[in-house]
Amino acid sequence: MGIQAESITRVQEPAEASTSQITVLDTGGQYTHLIARKVRELGVYADVQPSDLPAEQLRSSKGIIISGGPASVYEPGCPDIDPIVLRAGVPVLGICYGHQLLAHHLGGKVQKGERGEYGLAHLTITSDDALWNGVRESQIWMSHRDSVAAVPAGFRVTASTSTSAIAAMSSPERKLFGVQFHPEVVHTHAGKQILENFIFRVCGATRDWDVSQRIPVIEEQIRSIARNRNIFFFVSGGVDSTVAYTLCLRALGPERVYGIYVDTGLMRKGETELVSRAFHELGAKHFLVDNAEEKFLAALAGIEDPEEKRRAIGEQFVKVQERILATQHFLDGHWILGQGTIYPDTIESGGTAKADLIKTHHNRVAGIQALVESGKIIEPLAPFYKDEVREIGRELGVPDKILARHPFPGPGLGIRCLCANAEGALTETSDGFLLPVRSVGVQGDCRSYRNVFALPRKPTLEDIQATAPALINSRFDVNRIVAICGSKAPMASLQVFEASITKDRLEALREADAIVRDLSVETGFEEQVWQFPVVLLPVGTETARESVVLRPVNSVDGMTADAVLMDGEILDALTAKLLNLPRIAAVFYDLTHKPPGTIEWE
Ligand code: XMP
């Protein structure tokens with residue numbers, strides 16, 4: 001019994017939640033988690049499993065959804081399902097690649113696509129179907145290369161588009177359904193209705209998932225896992241660790257839960273004060289701020305290379321945490337480690353596995369590794385998605401200014417303060433300027449560093465964005481396009497200065513970042529974007545040696561992202577304020593999607 005209890009590492013979802021669960025089989029698509037989230041939003045518990053999970057393990061599911069994915073059913077080693085799943089009598093909905101898998105396994109024909117179909121299309125319903133109850137012909141979102149060319153015996157075509165003759169098919173007797181489009185994304189107007197039809201009409205699921213009602217259950221589980229031990233957290237001020245901490249605080253009381261916040265000196269303006277205040281307001285009694293700024297700055301002095309900077313920051317985290325573990329006696333057997341891990345971080349299947357670079361520096365600490373390996377860890381948010389974590393946070397009274405926060409990288413401003421190891425001039429071309437600073441891009445599975453191309457801001461950002469992809473494709477030395485919003489001196493007179501991370505440069509970045517954030521909050525732009533990094537470049541003049549890059553993006557999970565354009569007048573106002581800062585020579589606006597550019601510049 002003792003060993004059993006020790007090995008519990010997560011607060012699992014309550015047993016009764018799985019009675020009407022929908023299982024999403026993950027074939028590696030970027031929207032897999034979105035499908036499960038949408039089902040949960042309809043009040044039905046859904047989880048994500050590897051696509052090839054044996055059919056036996058799916059018997060208790062009321063319905064199965066096979067996700068989309070980038071593969072082709074003809075590729076060797078492509079994600080597959082246990083074919084018995086399709087004969088087990090449990091309703092199945094195949095989406096995109098899942099739709100093609102259905103056709104492939106049941107004797108239909110999948111045709112390899114040359115051009116594919118990406119973006120909006122109009123759905124024409126060709127036959128009555130359980131999925132179409134209350135659905136009108138309307139806009140859908142397509143994203144596929146291959147397509148189903150012939151339905152399997154016993155299936156009929158239920159919808160088409162101008163380019164996909166078989167946009168949907170079904171065999172109602174066997175409760176098998178396939179759709180080529182993506183009902184889980186908002187661009188498919190009837191998507192929610194289609195999922196509802198499948199879940200309730202076809203699968204007969206009942207509503208059983210209400211996150212706020214789970215709080216007492218989670219608290220009880222925390223008490224049973226912790227038993228007589230106390231819990232400590234390394235908190236960041238981010239949504240997940242704050243909510244996980246607050247749950248533990250409620251479950252065990254303020255005497256038994258410790259929060260440690262490491263001030264690396266790489267934080268945004270006012271961050272440490274804001275987090276300290278918020279934790280005290282939440283009722284924290286043992287909240288320690290560890291001021292490690294000098295150590296981090298010393299470790300970063302003189303380093304230019306981005307990967308080296310990350311490594312130096314990671315190493316410092318390890319050292320600080322080891323010191324804290326020792327001085328607070330957290331390894332003496334009376335403590336367990338609390339973490340804010342959420343559901344997408346726990347899934348290792350298909351293509352959605354995210355070996356989070358972010359958390360590696362925590363895991364590398366030997367003492368923490370030992371706690372994890374002996375099961376002395378508690379992750380109360382492991383069954384939940386971000387929106388659900390926010391909902392729990394709201395119920396617990398976590399302030400909105402914490403819950404509404406954008407994601408912020410662990411290495412903080414350290415990876416937004418770009419460095420250079422040599423001076424260099426900008427190269428002027430007929431289109432714009434090549435900046436000899438290196439920014440990171442996504443090239444296949446690897447990160448690569450290339451230069452940045454700056455284009456004059458034509459009347460609107462849209463005009464430049466329209467020409468940006470062609471420009472990136474035409475040059476091998478560039479992975480990012482920025483618009484020039486304004487500069488104190490002519491662009492041709494700017495240069496790159498040798499620079500590494502210093503307190504002064506961080507201070508300049510903090511000021512610029514605070515100006516951007518204030519205006520962004522004031523104008524409501526903050527709520528329209530998923531994340532808004534502000535980056536400092538060592539590009540300027542002798543008297544003002546830095547530039548600022550604005551990088552607002554929209555994203556679902558950070559894996560891909562779209563550059564978001566800002567209203568021209570607001571951008572003008574922002575540019576003027578930033579150029580008012582004595583050290584800032586120019587302001588740029590990043591127009592690059594991910595891929596080819598990453599969200600962060602390093
Ligand atoms: P990229 O730049 O890879 O970022 O497009 C995707 C998301 O991950 C965040 N990010 C990090 N978070 N430590 C973190 O905690 C890191 O080293 C790190 N690098 C990127 C980034 O802010 C974005 O949300």
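Predicted model, so just to flag it, every value in this text is computed and none were measured. In listed order, ligands and their atoms are each counted from 1.
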Student: Do the ring centers of F532 and F525 come within less than 6.0 Å of each other?
Tutor: yes
Student: Please answer whether the main-chain N or O of Q49 pairs with a side-chain N or O of D47 as donor and acceptor at a distance below 3.5 Å.
Tutor: no
Student: As a check for students: among R551, E600, E602, identify the option with a heavy atom nearest to atom 21 (C) of ligand 1.
Tutor: E600
Student: Show, in sequence, the C-alpha distance, side-chain angles and deciding distance for Y449 and E307, and conclude whether the side chain to side chain donor-acceptor pair (under 3.5 Å) test is met.
Tutor: CA-CA 10 Å; Y449 286 89; E307 300 298 341; 3.3 Å; yes
Student: Taking both backbone and side-chain atoms of I599, is any N or O found less than 3.5 Å from an N or O belonging to ligand 1?
Tutor: yes
Student: If you look at every heavy atom in V440 and E600, which pair is closest and at what distance?
Tutor: CG1-O, 3.6 Å
Student: Taking non-hydrogen atoms only, is M559 closer than 4.0 angstrom to ligand 1 via side chain, backbone, both or neither?
Tutor: neither
Student: From the options P409, S236, S439, select the one whose nearest heavy atom is closest to atom 10 (N) of ligand 1.
Tutor: P409
Student: With heavy-atom distances below 4.0 Å as the criterion, list the atoms of ligand 1 near P411.
Tutor: 13 (N), 14 (C), 16 (C), 17 (O)
Student: Within a distance under 4.0 Å of any heavy atom of G410, pick out the atoms of ligand 1 and give their elements.
Tutor: 12 (N), 13 (N), 14 (C), 15 (O)
Student: Looking only at non-hydrogen atoms, find the nearest pair between Y343 and P383 and report the distance.
Tutor: CB-C, 3.8 Å
Student: Does the gap between the ring centers of F234 and Y261 come in under 6.0 Å?
Tutor: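 They do not qualify: ring centres at least 6.0 Å apart.
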Student: Tell me whether R40 contacts the main-chain N or O of A46 through its side chain, where contact means a donor paired with an acceptor under 3.5 Å.
Tutor: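 Yes; at least one donor-acceptor contact below 3.5 Å.
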Student: Would you mind listing which atoms of ligand 1 come within a distance below 4.0 Å of any non-hydrogen atom of K594?
Tutor: 1 (P), 3 (O), 5 (O), 6 (C)
Student: How does W530 reach ligand 1, if at all, at less than 4.0 Å between non-hydrogen atoms: by side chain, backbone, both, or neither?
Tutor: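 The answer is the side chain.
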Student: Below 4.0 angstrom from a heavy atom of G558, which ligand 1 atoms are there? Numbered from 1 as shown, please.
Tutor: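 Numbered from 1, ligand 1 contributes 6 (C).
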